[in-house]
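Chain A is the first sequence line, chain B the second, and so forth, proteins listed ahead of strands; every chain is numbered from 1. Fair warning: this is a prediction, and the values are worked out from it, not measured in the lab.
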Amino acid sequence: MLLIRCPYCEEERPELEFRNAGEAHVARSANIAGESDDDFEKFFFIRSNPKGIIYERWRHIHGCARFFNAVRDTVTDRFIMTYKAGEPKPSKLPKNSNDVVSK
Amino acid sequence: MSAAFRIPGAGRLKQARTASFSFDGKSYAGIEGDTLASALLANGVHLVGRSFKYHRPRGFLSAGAEEPNALVQIVRDDARKTPNVRATVQELYDGLAANSQNRWPSLSFDVGAVNDIASPMFSAGFYYKTFMWPKAAWKSLYEPKIRAAAGLGVSPDRPDPDHYSSRYAHCDVLVLGGGAAGIAAALAAAETGASVIIADEQADLGGSLRFETGARIEGKDGFAWAQAAVASLKGMDNVRVLSRATAFGYYAQNFVGLVERVSDHLKSPGADLPRERLWQVRARRVVLATGSIERHMVFADNDRPGIMLASAARTYLNHHGVAVGRNVGVYTANDSAYAAAVDLKKAGVNVAAIVDLRDNPTGPAIEEARALGIEINFGRAVVRAGGKLRVSSMTVQPKNGGGERTIPVDAILMSAGWTPSVHLFSQSRGKVAFNDETKRFVPGTYAQDCVSVGACNGTDGLSATIDEAYAAGAKAAKDAGAKATKGAKPKVDAGENWSRGMLGAAPGAGPDTTVKAFVDFQNDVTAKDIRQAVHEGMRSIEHVKRFTTNGMATDQGKTSNMHGLAIAAETLGKPIPQVGLTTFRAPYTPVTFGSIVSHARGPLFDPTRRTATHGWAARQGAVFEDVGQWKRAWYFPKTGEDMHASVNRECATVRKTAGLFDASTLGKIEVVGPDAAKFMELLYTNPWEKLEPGRCRYGIMLREDGFIYDDGVVGRLAPDRFHVTTTTGGAARVMNHMEDYLQTEFPHLNVWLTSISEQWAVVAVQGPKSREIIAPLVEGIDMSDEAMPHMSVREGKICGVPTRLFRMSFTGERGFEVNVPADYGEAVWEALWAEGQKHGATAYGTEAMHVLRAEKGYIIVGQDTDGTVTPNDAGLDWAVGKKKADFVGIRGLTRPDLVAKGRKQLVGLKTKDPKVVLEEGAQIVADPKQPVPMKMIGHVTSSYWSENCGRSIALALVAGGRDRMGETLYVPMPDGTIEVEVTGMVFIDETGGRLNG
Ligand SMILES: [Zn+2]
């Protein structure tokens, strides 16, 4: 069972308290009704599904109930960092992800 | 009376403490502290099982958890018949009853052994080849027969009467393995004050010190030192010692699963004791001290009872005081088997000969054996074992060929060397590395905060092991945040060294012979099978493994993996690392379902949710149905009524007078805040800004793709306050959906969401008399049609308690839903029921509710919709705000597929024969004469007998359904085709006059 750091509670909690909520940084258009079919397809259907670093949304559903963002490695399953909803995609990731999860 | 093979003065068990037991119905005497294996061996019993595939007679290979052969069934009573228990692990208790498995009619005469003679049929990959044709025979003939013949014990046929418990624990340092290395590491860590858990699978810690007579630590015999050290660990507040506890799985972030066997070794376990306890431990640092496992020699008929690992024979002698034979042979490729020969010789057992595959080995172990006068043969191989139910001889030949010599023996002790136990390391996702010099896979790259010490790390010798383990324990504690260690490293006075050995098949195993030289005993895989797999094109060890099933039995190849790999590598002509090691997966040893399930079974499997009126309904004789976790009253039969009669009466009574229904399970969410209406506009298709406080509206919620996600009536209590209802099943996900948008897409909106599902009990009172029933109990609300029309909500009091009183209907009758704080739910229900009795009202359940709403064509999301239905498909286009600029799903609704012609639409169906009730889910076709497979144009979503209509009614999703009004369609069923007419969805009161009173 993974430990996940909730950026709102500011502590690591067991995976059971959380629920994945899909890929992060997929913004809903302010003018969604006027979007082209292609743009809507990209927004709603297309996901990156990478091997390696993924930016995704999680919810601390059995805790503070907040949605937040996480950077996870899909190969090792390791959480590299977490940050609050609305914060920009981090431009630099911490070098030793191990330090991040165990501190 | 002492058993025949118990050696007086040998071993550590107290002879006085006897325990009697039975095996296959025959009684024997053992001693407390015995395993079932040692107790049987003390009585000279070696034959304990039949092998999986060939039904070959089998004895004990080992004295531990790696045992592949000696699997037995332990029978405590009718419900407690545990199969596949390793006799080498099962501790003896007085009265223990065990049976052999996989034999019929008896262990010594087994009909299935014909498989051994017919073995060319059962060669590698036989499952894939032999039973391919005819295809149908696989299910009907081959599979059942193979499964019956290849049984591994019999499952108990009663529910497990035992209980299991589980605990979570956290510690600074978790030490896995309680041999010399583990104890030293735990001591070092514990002395710093760090919190330490040390776990070992055996009853007493000590690991191989149990048999290693050459070990002396701190002036004591090695095993005695271990016991003293464990006693001091147990005395420390910061240490927990878990014995009989197997670490079976190493998961992410130092999360380790262990099973502690609490009562399987007890004669009469107390009823309060769990059988097993699951420990889920999160450790800052893990020290792996899992030791190593001795390998057998691969030669012809190496599976005969009496042939075992040298270390096993030493354990039985030095710990249990049991000689495994009177005239033993030794076959080895390393030094450690010499110590077994020496120990047995000193105990008075004749050692017929040591056969050593090596040419001219030297060393103290060899010198000691020679000094005792034991015959030693270098450069020779055992090419064959004699005997069937028990080994009777070993045939020796120079390893490069030459004259044979047969030596009578009653046991053969073998050692091909030691395999580091890297299972848990590998499970931690660490990468093993092959040491070419020692021919071992040892921990290479670490993936987690753990360290390997001692034999599992490829460290040879007791002194080096304790040095390494003590330092690692201290470092682990320091890394976990503890201070420097205060104690002193245990001093090793003497130890043994068992490095080196061989991998793969010995000369007696082929390669061109057809003999059975077993690599994997539990799955009956021979050296020949592995060669054959390579010859048939398997190149990767993962393919060889699956083709031969080598290492795929419940022992997971603890003794066989390295041999199998070496034979495959040799046949391929490749170095071992290039062929690769198969992946180790949890569990290390089999884990019971009981320990994983723990208390979560029966009523505790899932929470049960009951409404406030549950007790009342139960007293009325209601029949309940499960709706998610809820228990809901399904129908309320009167004496003599079956379900149909009850539902018919309930439905008729509601339309004639009135009915009471518990609607408390509906999800309820309060949407509050200055931007509440804006938020509702975005989450529902309907317009909300202009809805007046005190009025209600039926709302539809979509996903972004335009499909219906949920629905429900929403009341506006105040400009900034909405009382939203959801479907029963949708309560949690609708809340999640709303929170998601509020927190991430619309965080600028000043809105609070609160789940109030459990705060309000809801009594639906429906029917022409509903107002008369409620009104006498209500204060402060004018319930006249003028003051309180259909789809309105008022706050006031009922029976003196606060209420949110909705005028709304899911039946098509004048109706109300009385919301009261849940604690008053039952009392208010009883008051309403008393009023209702005056008017002849009925209580009705979920079945009648379904029928009544279907009579009016009201849909149930999730029954009449399936996640691909739009509001338009459901005939609910009127509920979509046409002037709105945005709501979730607005763009999805205009997707090309969603506006295309011919989509499936909800319609009503009437069977031509009004008595016939369609089956829900039945498929609909336009032309019943077309050839099979027919083109299906839709399916029935809801179907009932309607007593009020005097006929059956149904709802269905049909392609282009609304353009087919009046058309005849067909529902083909196994016993004939049913003709139906497409109709509108409303079967009663199409104009809605009854709703408004
Ligand atoms: Zn949180």
Crowding at CZ, Phe45(A) (>12 non-hydrogen neighbours, <6.0 Å): yes
For the residue pair Ala33(A) and Ala885(B), what are the closest heavy atoms and their distance? CB-O, 3.6 Å
Lys678(B) NZ: over 12 foreign heavy atoms closer than 6.0 Å: no
What part of Val256(B) gets within 4.5 angstrom of chain A, counting heavy atoms only: side chain, backbone, both, or neither? neither
So, the part of Asn736(B) with a heavy atom under 4.5 Å from chain A: the answer is both
Work out which heavy atom in Phe887(B) is nearest to a heavy atom in Arg28(A); give both atom names and the distance. O-NH2, 3.3 Å
Crowded around Lys901(B) NZ? As in, over 12 foreign heavy atoms under 6.0 Å? no
Output the distance between atom CZ (Arg78(A)) and atom CD (Gln448(B)), rounded to the nearest 0.5 Å. 6.5 Å
Enumerate the residue pairs fulfilling salt bridge (charged side-chain N to carboxylate O under 4.0 Å, His left out) with a member in residues 732-745 of chain B, sequence neighbours excluded, ordered by first and then second residue. Arg57(A)-Asp740(B)
Just wondering, do Arg891(B) and Asp39(A) contact through their side chains at under 4.5 Å, heavy atoms? no
Who are the side chain to side chain contact (heavy atoms under 4.5 Å, CB included) partners of Leu16(A), not counting sequence neighbours? Met1(A), Tyr168(B)
Using non-hydrogen atoms and a limit below 4.5 Å, what part of residues 59-69 of chain A faces chain B? Arg59(A), Ile61(A), Ala65(A), Arg66(A), Phe67(A)
Most heavy-atom pairs under 4.5 Å with chain A, out of Arg282(B), Arg429(B), Arg284(B), belong to Arg282(B)
Look at Ile890(B), Asn254(B), Asp705(B) and state which one has the largest set of heavy-atom pairs under 4.5 Å with chain A. Asp705(B)
I'd like to verify something: which residue of Thr894(B), Thr744(B), Asp886(B), Leu893(B) has the highest number of heavy-atom pairs under 4.5 Å with chain A? Asp886(B)
Among all residues two or more places apart in sequence or in another chain, which pass the side chain to side chain contact (heavy atoms under 4.5 Å, CB included) test with Val26(A)? Glu23(A), Phe43(A), Arg47(A)
Quick one: CZ on Phe255(B) to CG on Leu2(A), what's the gap to the nearest 0.5 Å? 10.0 Å
